[in-house]
Novice: 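If you scroll down you'll find the structure; I have some questions about it.
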Amino acid sequence: MLKGPLVKQGYDWWWHSCTAYNKETGEPRPFFIEYFVCNPDLAEDEPTLGQDSKNIEAGKRPSYCMLKVGAYGKDPKQIHNFYSMKDFECPGDRLDIKIGEYSLTETHMTGYCKVTEDEAHNHPEYMSDTGEMKWDLGIDKQITFNVGYGANSFFRKINAFEMFWHAEGIKTQYSGTVELDSVEYEVIPEKSFGYADKNWGWRLYNPLVMDILL
């Protein structure tokens with residue numbers, strides 16, 4: 001969706017959330033996975049983070065692809081891994097994202113994130129907890145919510161709104177496995193309570209936050 005002016009000042013993200021079950025105890029745990037891209041036309045060989053003081057001093061605008069994952073509940077955490085937009089691939093006519101060996105399509109996603117204690121301490125710009133998480137999940141989007149004419153081709157073409165939203169999988173069943181900090185979880189379709197959507201545009205709800213991120 002990042003076309004026209006959005007290639008230099010725009011974001012696009014694909015969000016997934018579901019419940020998985022500890023393979024040993026059966027305890028449920030809610031997880032989230034997000035694939036996020038920012039300002040692709042400003043790509044450098046390394047991810048450019050807008051919250052990095054060196055980039056702020058140099059007047060650099062951010063450009064990166066981020067894998068953002070984590071879990072809610074007891075001992076919640078979020079883990080962020082950043083990549084250059086030069087490492088990101090996706091055709092313009094379908095959802096078929098590739099970030100290195102990791103991928104996201106309409107029906108399947110894989111990935112791995114890791115941040116060590118040293119990385120989290122030495123790089124506050126990562127805004128990340130420590131930990132590691134990997135996932136291999138099937139996606140079955142069963143119910144879609146369309147916002148209607150507000151997201152039709154005309155309004156998208158002229159970027160009529162600061163943010164667009166589309167919930168392709170307002171009810172989604174996931175299947176497969178998630179592993180968080182060496183603990184394995186099973187995702188059972190009928191008990192996954194899944195949700196999938198996407199957002200894109202040039203500004204989120206808080207202009208001060210987006211001035212930093214974009």
Side-chain angles (χ1 to χ4, degrees), residues 1-16 32-70 78-105 109-116 118-133 135 151 155-166 196-214:
M1 294 299 182
L2 301 187
K3 301 176 182 179
L6 295 184
V7 298
K8 292 185 176 180
Q9 187 173 356
Y11 65 90
D12 201 346
W13 86 60
W14 298 261
W15 172 272
H16 298 264
F32 63 87
I33 299 168
E34 178 184 306
Y35 298 73
F36 181 98
V37 300
C38 171
N39 299 344
D41 214 36
L42 303 180
E44 298 187 6
D45 291 338
E46 298 294 330
T48 306
L49 306 186
Q51 61 272 24
D52 189 322
S53 59
K54 297 191 298 294
N55 292 330
I56 294 173
E57 292 173 4
K60 284 188 175 183
R61 298 269 305 286
S63 176
Y64 57 84
C65 170
M66 174 178 65
L67 291 177
K68 175 189 182 79
V69 303
Q78 60 180 5
I79 307 167
H80 299 157
N81 278 182
F82 296 91
Y83 300 82
S84 166
M85 281 301 301
K86 293 183 178 181
D87 298 322
F88 177 89
E89 298 179 20
C90 186
D93 59 347
R94 66 187 185 280
L95 180 61
D96 188 7
I97 289 173
K98 290 182 175 60
I99 308 170
E101 61 184 293
Y102 312 129
S103 63
L104 169 66
T105 70
M109 62 179 171
T110 64
Y112 175 74
C113 279
K114 180 178 180 179
V115 173
T116 66
D118 286 344
E119 288 172 332
H121 177 74
N122 295 326
H123 296 278
E125 69 273 15
Y126 292 174
M127 301 184 295
S128 178
D129 296 316
T130 63
E132 61 181 319
M133 176 171 149
W135 61 97
F155 288 112
R156 296 199 307 270
K157 185 175 182 179
I158 66 172
N159 294 316
F161 306 109
E162 295 178 348
M163 184 183 81
F164 290 88
W165 171 65
H166 176 63
D197 73 4
K198 74 179 270 94
N199 289 262
W200 71 97
W202 63 276
R203 174 172 285 180
L204 281 172
Y205 308 106
N206 188 331
L208 294 177
V209 173
M210 293 312 292
D211 286 343
I212 296 174
L213 295 181
L214 296 175

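Heavy-atom basis, side chains included; hydrogens, waters and symmetry copies ignored. Numbering of residues begins at 1 and proceeds along the displayed sequence.
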Novice: What is the ring orientation for W15 with F32, classed by angle as parallel under 30°, tilted 30 to 60°, or perpendicular over 60°?
Specialist: parallel
Novice: Quick check for you: to the nearest 0.5 Å, what is the distance between I79 atom CD1 and M66 atom CE?
Specialist: 12.5 Å
Novice: If you look at every heavy atom in Y64 and T48, which pair is closest and at what distance?
Specialist: CD2-O, 3.4 Å
Novice: Kindly give the heavy-atom pair with the smallest separation between G50 and P62, and that separation in Å.
Specialist: N-CB, 3.4 Å
Novice: Roughly how far, to the nearest 0.5 Å, is the CZ atom of F82 from the SG atom of C38?
Specialist: 10.0 Å
Novice: Quick one: list whatever passes side-chain contact (heavy atoms from CB on, under 4.5 Å) with K114, sequence neighbours left out.
Specialist: Y112, T116, E132
Novice: Measure the CH2-CD1 distance between W135 and I33 for me, rounded to the nearest 0.5 Å.
Specialist: 5.5 Å
Novice: Looking only at heavy atoms, which two atoms of P91 and D96 are closest? And how far apart?
Specialist: CD-O, 3.5 Å
Novice: Which distance, rounded to the nearest 0.5 Å, do you find between the CE of M133 and the NZ of K68?
Specialist: 12.0 Å
Novice: Please report the shortest heavy-atom distance between I99 and C65, naming the atom on each side.
Specialist: CD1-SG, 3.2 Å
Novice: So, taking the atom named NZ in K98 and the one named CZ in F88, what distance separates them when rounded to the nearest 0.5 Å?
Specialist: 10.5 Å
Novice: Please check: side-chain N/O of N55 versus main-chain N/O of L49, any donor-acceptor pairing under 3.5 Å?
Specialist: yes
Novice: Check ring pair (Phe, Tyr, Trp, His ring centres under 6.0 Å) between W14 and all other residues, then give those that pass, not counting sequence neighbours.
Specialist: none
Novice: Please confirm whether the backbone N or O of G10 pairs with a side-chain atom of N39, one donor and one acceptor, at under 3.5 Å?
Specialist: yes
Novice: Just checking N122: does its CG atom have more than 12 heavy atoms from other residues, nucleotides or ligands closer to it than 6.0 angstrom?
Specialist: yes
Novice: Return the OH to CG distance between Y126 and N81, rounded to the nearest 0.5 Å.
Specialist: 8.5 Å
Novice: If you take all heavy atoms of I97 and C90, which pair is closest and at what distance?
Specialist: CG1-SG, 3.8 Å
Novice: Could you tell me whether E119 atom CD has more than 12 heavy atoms of other residues or ligands within 6.0 Å of it?
Specialist: yes
Novice: Classify the ring geometry between F36 and W13 as parallel (under 30°), tilted (30 to 60°) or perpendicular (over 60°).
Specialist: parallel
Novice: Under 4.5 Å between any side-chain heavy atoms of L67 and Y35, yes or no?
Specialist: yes
Novice: Just jot down the ring pair (Phe, Tyr, Trp, His ring centres under 6.0 Å) partners of H80, sequence neighbours excluded, or say none.
Specialist: none
Novice: Of the non-hydrogen atoms in M127 and Q78, which two are nearest, and what is the gap between them?
Specialist: O-NE2, 3.9 Å
